[in-house]
Protein chains: 2
Amino acid sequence: MVRRAIEVKVESTLDNCCPVTTQMMSEDEAREVALIFDALSDPVRLRIFSIIAAQKDTCSCHLEAPVDKSQPTVSHHTRILARAGLITGEKRGRWTYWQVVPGRLDLVANLLRSEAPRAKR
Amino acid sequence: MVRRAIEVKVESTLDNCCPVTTQMMSEDEAREVALIFDALSDPVRLRIFSIIAAQKDTCSCHLEAPVDKSQPTVSHHTRILARAGLITGEKRGRWTYWQVVPGRLDLVANLLRSEAPRAKR
DNA sequence: CATACTGATTGACGAATATCAATGTTAGGG
DNA sequence: CCCTAACATTGATATTCGTCAATCAGTATG
């Protein structure tokens, strides 16, 4: 039984940047934040994410039926969610299991907060 | 000096729906939430929003230069942000002033929270 | 009114995206 | 080994999206 983590490059400089409501975002910052929102901007992707988030471990093969999409389509969407750092995949045997990346969603939520009580690190 | 509010239809059933992390989203719910994230999924739109959010009142004519886009493009983006219920426009004389819709962003942030301590109403 | 100005709308165009059939790849199971 | 199952990748297609030039609609000012 081989376990191989799926690499996700999260070049996040998001941990120490301001909420979107205090001052104008830089071009770079906007690009990075937009990538995350973009991952959540598709209904099918949102539903896939909510399935993964509602469980500990979700096999890819259990995603196709609920959203009624083909296997390549589901694979496409999980890739985008992973690229945004929202989920991580782990290959166990023939199956790939997905989990949400803890804290990533809260980080996004904090970006949206009106006041700025962000926990440092 | 005529004051005319710009109508924004916010057919939100979002106030009493679960975070995206507790159970699978319905198709309808996903469609509505995706609309909001979609509004925030473009770098230019994010920067426009951050400018508006950082001030009380922002004239449309003060948006073009910072993001370096044409007037129709800026108008296009403000329309999408308004459609998502994130900003409201008010026409005063020749100028249109934009403000963030208070609470709307927090509502979105709450959708992303892992736990679900949502203030009722 | 005539002119200038703000900004919304329309039309066009290139780029990006969602989708799936077909194919490739890797991992068991016989 | 060969076959099958799970998933990724590729290629193709239809649709959506971001952008701007051109135009239109409303408003102030002389």
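Residue numbers begin at 1 in each chain, while the letters A, B, ... track the order of the sequences. Side-chain atoms are counted along with the backbone in the values below, which use heavy atoms only and exclude waters and symmetry mates.
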Spacing of CG belonging to B:Leu40 relative to CG belonging to B:Leu46, to within rounding of 0.5 Å = 5.5 Å

Is a side-chain N or O of B:Arg104 found less than 3.5 angstrom from the main chain of B:Leu86, in a donor-acceptor match?
-> no

Could you state the CZ-C1' distance from B:Arg83 to C:dT9, rounded to the nearest angstrom?
-> 14 Å

State, with a plain yes or no, whether a side-chain heavy atom of A:Leu112 is found less than 4.5 Å away from one of A:Phe37.
-> yes

Listed by chain and number, what are the salt bridge (charged side-chain N to carboxylate O under 4.0 Å, His left out) partners of A:Arg31, not counting sequence neighbours?
-> A:Asp28

Start with the C-alpha gap between B:Ser60 and B:Trp98, add the side-chain angles, then the distance that decides, and say whether side chain to side chain contact (heavy atoms under 4.5 Å, CB included) holds.
-> CA-CA 7 Å; B:Ser60 282; B:Trp98 299 97; 2.7 Å; yes

Could you state the atom-to-atom distance from CD of A:Glu90 to P of D:dA8 in whole Å?
-> 14 Å

In plain terms, say whether B:Arg92 and B:Asp57 are close enough for a salt bridge, that is, a side-chain N and a carboxylate O under 4.0 Å apart.
-> yes

Between A:Gln99 and A:Lys56, what is the shortest heavy-atom contact and its length?
-> CG-O, 3.2 Å

Which pairs, protein N/O on one side and nucleotides 5-7 of chain D N/O on the other, fall under 3.5 Å?
residue : atom : partner : partner atom : Å
D:dA6   : O3'  : A:Arg94 : O            : 3.0
D:dC7   : OP1  : A:Thr96 : N            : 2.8
D:dC7   : OP2  : A:Cys61 : N            : 3.1

Scan nucleotides 11-19 of chain C nucleotide by nucleotide, 5' to 3', and note B when protein non-hydrogen atoms come under 4.0 Å of the base, S if they reach only the sugar-phosphate, - if neither.
-> -------SB

Do B:Ser70 and B:Thr73 pass the side-chain hydrogen bond (donor to acceptor under 3.5 Å, both in side chains) test, and can you show the C-alpha distance, the side-chain angles, and the key distance before you say yes or no?
-> CA-CA 5 Å; B:Ser70 72; B:Thr73 297; 3.0 Å; yes

